[in-house]
Amino acid sequence: MQNEKVAEMLEELGDLKEIIGENPFKVRAYRRAAEAIRRLNTPIEEIVREGKLSEIEGIGASLAAKITEFVKTGKVKELEELRSKVPPSLRAFLEIPDMGPRTAWLVYERLGITTIEELEKAAREGKLRHLPGMGPKKEENILRGIQLLRTTAQRFRLDVAWKTADYITSELKQLPEAKLILPAGSLRRMKETIGDVDILVATTNPEPVMDKFVSLDGIRDVLAKGTTKSSVLFEHGLQVDVRAVPPESFGAAAQYFTGSKDHNISLRERGIKLGLKINEYGVFREPADEKIAGETEEGVYQALGLVWIPPELRENRGEIEAAERNEIPTLVELSDIRGDLHIHSNWSDGSETIEALAEAASQLGYEYIAITDHSPPMGWGVKPDDFKRQIDYIRKLNERIDEIAILTGVEVDILPDGSLALEDGLLKEFDVVIASVHSQMRMPKEKMTERILRAMENRLVHIIAHPTGRLIGQREPYEVDIELIIKRAAQEGIALEINASPERLDLKDEHARMCKEYGAPVMIGTDAHAIVHLEFMRYGVGTARRGWLEPKDVINTLPLKKLLSFLKQRRTGRL
DNA sequence: GCCGTTTTCGGCCCGACTGTTTTCAGTCG
């Protein structure tokens, strides 16, 4: 995608300028512009062609000229010149904890060091300590930083991070000193991957809290222990920070440590205009520094003339403006979900019987589930005759079970030519038909888009599952014009899935928001292959919330009767 | 480099910590 390339170009310009000591605000301008480009839904070429670059917030005449040059020629003269002055490999130094642009430039200019290997060698040999502002301690920190980068650079899946956070929370909750406990940061925002976990504890007596925290099971290393902050590394490599804050500042700290960074910066800029200073202790009115909020998050937002903003929206993607106009949507919640429509049983590659799944789903409070086993040609796909038996089986089961309605269903393969792996005659027997791609994922974009659009033409199909096919950290999404798919879904009344499995989360947050914009229905499904997977729903709901979705945007918030009429409408074209 | 209901120039988020320093620069979240 050209947009991503432009964003990377701007980031490189920003990094290199930062390294040579350019004005930090200028550097920030490059990075903000890169972020703005990443957020666009329109191809950058189109915007360039229409001469509308400067309409993007954060892009002025100078950046517009550079972007235009890049889109038209594939190069930027200034960047080429900068690269000859600063080896681009120095950018890697910025990733090393405790190493920033000033130090990167220093070691290059004085010692000619351009790679992490050279840097490590020089540090080992004690050559860095003689540089101005450096000493043995800094040398040691750089070595440790390199080590840390190598062992813990990866990000963690949302469920892994939540599991760790839930464990710590339940342990700390046992202490009378811990008044309130809140996992903050990107975890609270339900970002798809997590770098480290931040947990806030409101307390007037932090010591017992910190003592308990650093002695929990599963900790590999205690990185720091103090009365306001302690930091540990768990055995699986996840870093967790616990911060103790006084109860009267808990709201301000929660706001501050939840971020995102961009959201907080925008908030503080807004504060300045109102003559207010915002920090992790509260909101203060200048010049007397009178504290006007801080105990609750609602109070912090209120002091800024804003309604409270749900954490999942805090990405500086228009939520502050929406809060100002009191137009924050009532986001979908886990408790709005009435059923799970994407579940595999042991008839295909799931590990559980249909009865056990129904029982577990019923305990989660669901009104209905759909059993949607795989079709051939997946090796474990259910054969057509067996599907007929399964449908009969489920119908009989429904007669015995009162607690929950079990819908018959299938996750049918979309074959490379866009046809479906089962005959229409069989498909129309199912209550719910999900279609999805599981093979030949490396098609060119046009072909893949055509393939999925063709499957969507079949009115027996209700839902397209995991529409981009990505596996977080393992497999890139296939090339597909997702905007076109979303537009078509809106026209056809076909639902797109937010697959709640933490290794998929596909559609992702921005695509979910696009669904809302175009009016495409969304289904949140867990793709459960075991009972424990049913609990993935919280991550799918988190992603939906990050996409600004409300209950009305999500079909499995509908009561059973209305869901059935939605499914019927898709097939008959009318209610 | 961007931007304007104080401004087309002079601002640009805020505080803590660390290590190197005799008062501060660099880095981080």
Side-chain angles (χ1 to χ4, degrees), chain A residues 10-11 13-14 17-19 21-36 53-67 78 93-107 128-142 144-145 148 184-187 189 194-200 223-231 239-245 249 252-253 255-284 286 289 300 304 316 320 324:
Chain A
L10 292 171
E11 262 169 10
L13 265 173
K17 278 171 187 272
E18 186 177 39
I19 291 170
E22 183 59 274
N23 175 354
F25 298 106
K26 197 181 276 196
V27 173
R28 199 176 118 199
Y30 280 92
R31 293 188 178 142
R32 283 188 142 186
E35 266 319 298
L53 274 174
S54 308
E55 287 177 19
I56 301 169
E57 175 131 358
I59 296 182
S62 168
L63 282 175
K66 279 166 198 154
I67 294 167
E78 193 188 355
F93 293 178
L94 304 181
E95 305 290 320
I96 302 171
D98 283 336
M99 184 122 177
R102 308 308 317 129
T103 319
W105 183 243
L106 187 70
V107 299
L128 302 184
R129 66 183 64 184
H130 307 299
L131 298 173
M134 304 278 279
K137 212 59 185 254
K138 278 209 167 162
E139 208 167 48
E140 205 176 291
N141 285 344
I142 286 172
R144 205 184 55 188
L148 212 62
S186 52
L187 194 63
R189 303 201 313 279
I194 305 296
D196 54 21
V197 170
D198 267 313
I199 297 179
L200 291 185
L223 302 172
K225 181 172 180 263
T227 53
T228 61
K229 176 187 166 182
S230 295
S231 224
Q239 184 179 326
V240 181
D241 297 347
V242 163
R243 293 165 198 278
V245 297
S249 297
Q255 196 292 313
Y256 181 86
F257 287 110
T258 297
S260 69
K261 193 172 175 168
D262 281 348
H263 173 87
N264 286 358
I265 289 173
S266 281
L267 223 53
R268 281 180 227 132
E269 282 171 351
R270 183 184 173 84
I272 290 171
K273 285 185 195 148
L274 299 170
L276 301 171
K277 185 179 67 176
I278 310 162
N279 58 31
E280 57 264 54
Y281 303 108
V283 180
F284 300 87
E286 318 253 43
D289 255 11
V300 171
L304 292 159
N316 203 25
I320 294 174
E324 186 171 25

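To find a chain, count down the sequence lines: A is the first, B the second, and so on, and within it residues start at 1.
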Item to check | Distance between P atoms of B:dG15 and B:dC9 (Å, rounded) | outcome: 30 Å

Checklist entry - Looking at the side chain of A:Arg102, which of B:dG1, B:dT27, B:dG19 is the nearest nucleotide? => result B:dT27

Item to check | Check against side chain to side chain contact (heavy atoms under 4.5 Å, CB included), A:His263 and A:Thr258 | outcome: CA-CA 10 Å; A:His263 173 87; A:Thr258 297; over 6 Å; no

Checklist entry - If you pin A:Ile272 and A:Asp196 to their nearest nucleotides in DNA chain B, which one's is more 5'? => result A:Ile272

Checklist entry - From B:dG29, B:dC2, B:dG19, pick the nucleotide closest to the side chain of A:Lys138? => result B:dG19

Checklist entry - Salt bridge or not for A:Arg270 and A:Glu324, using N-O below 4.0 Å? => result yes

Checklist entry - Under 4.0 Å between a side-chain N or O of A:Asn141 and OP1 or OP2 of B:dG19? => result yes

Checklist entry - With no hydrogens and no angle check, do the side chains of A:Ser231 and A:Gln239 hold a donor and an acceptor under 3.5 Å apart? => result yes

Item to check | Same-atom distance (P) from B:dT20 to B:dG26, integer angstrom | outcome: 14 Å

Next on the checklist: Quick check for you: among B:dC2, B:dC28, B:dT20, whose closest atom lies nearest to any side-chain atom of A:Ala29?
Outcome noted: B:dC2

Next on the checklist: Once you apply a heavy-atom cut-off of 4.0 Å, does A:Ala61 come out as touching a base, just sugar-phosphate, or nothing?
Outcome noted: sugar-phosphate

Checklist outcome for this item: Winner on side-chain proximity to A:Lys137, out of B:dG19, B:dG1, B:dC14, is B:dG19

Next on the checklist: Has A:Asn264 got a side-chain atom pairing as donor or acceptor with A:Tyr256's backbone, closer than 3.5 angstrom?
Outcome noted: yes

Checklist entry - Looking only at side-chain N and O atoms, does A:Tyr281 come under 4.0 Å of OP1 or OP2 in B:dA16? => result yes

Checklist outcome for this item: The residue, A:Ile96 or A:Gly58, whose nearest nucleotide of DNA chain B is more 5′ is A:Gly58

Checklist entry - Can a side chain N or O of A:Lys66 be found less than 4.0 Å away from OP1 or OP2 on B:dG1? => result yes

Item to check | Residues A:Asp98 and A:Lys138 bridged, charged N to O under 4.0 Å | outcome: no

Next on the checklist: Less than 4.0 angstrom between a side-chain N/O of A:Thr103 and OP1 or OP2 of B:dT27, yes or no?
Outcome noted: yes

Next on the checklist: Taking B:dG10 as the reference, what is the distance to B:dA16 when you measure between their P atoms (whole Å, please)?
Outcome noted: 31 Å

Checklist entry - Given B:dG26, B:dG15, B:dG29, which nucleotide is nearest the side-chain atoms of A:Asn279? => result B:dG15

Item to check | Pairwise P distance, B:dT7 and B:dC12 [rounded to whole Å] | outcome: 16 Å

Checklist entry - OP1 or OP2 of B:dG15 sitting under 4.0 Å from any side-chain N/O of A:Lys277? => result yes

Checklist outcome for this item: side-chain contact (heavy atoms from CB on, under 4.5 Å) test vs A:Leu267 passes for just one of A:Leu276, A:Asp262, A:Ile320, namely A:Ile320

Next on the checklist: Using atom P in both nucleotides, what's the gap between B:dT6 and B:dC2 to the nearest angstrom?
Outcome noted: 23 Å

Next on the checklist: Starting the side chain at C-beta, find the nucleotide from B:dG1, B:dG15, B:dT20 nearest to A:Lys17.
Outcome noted: B:dG1

Checklist entry - Under 4.0 Å between a side-chain N/O of A:Ser62 and OP1 or OP2 of B:dG1, yes or no? => result yes

Item to check | Counterpart base for B:dC28, defined by Watson-Crick or G-U wobble contacts under 3.5 Å | outcome: B:dG15

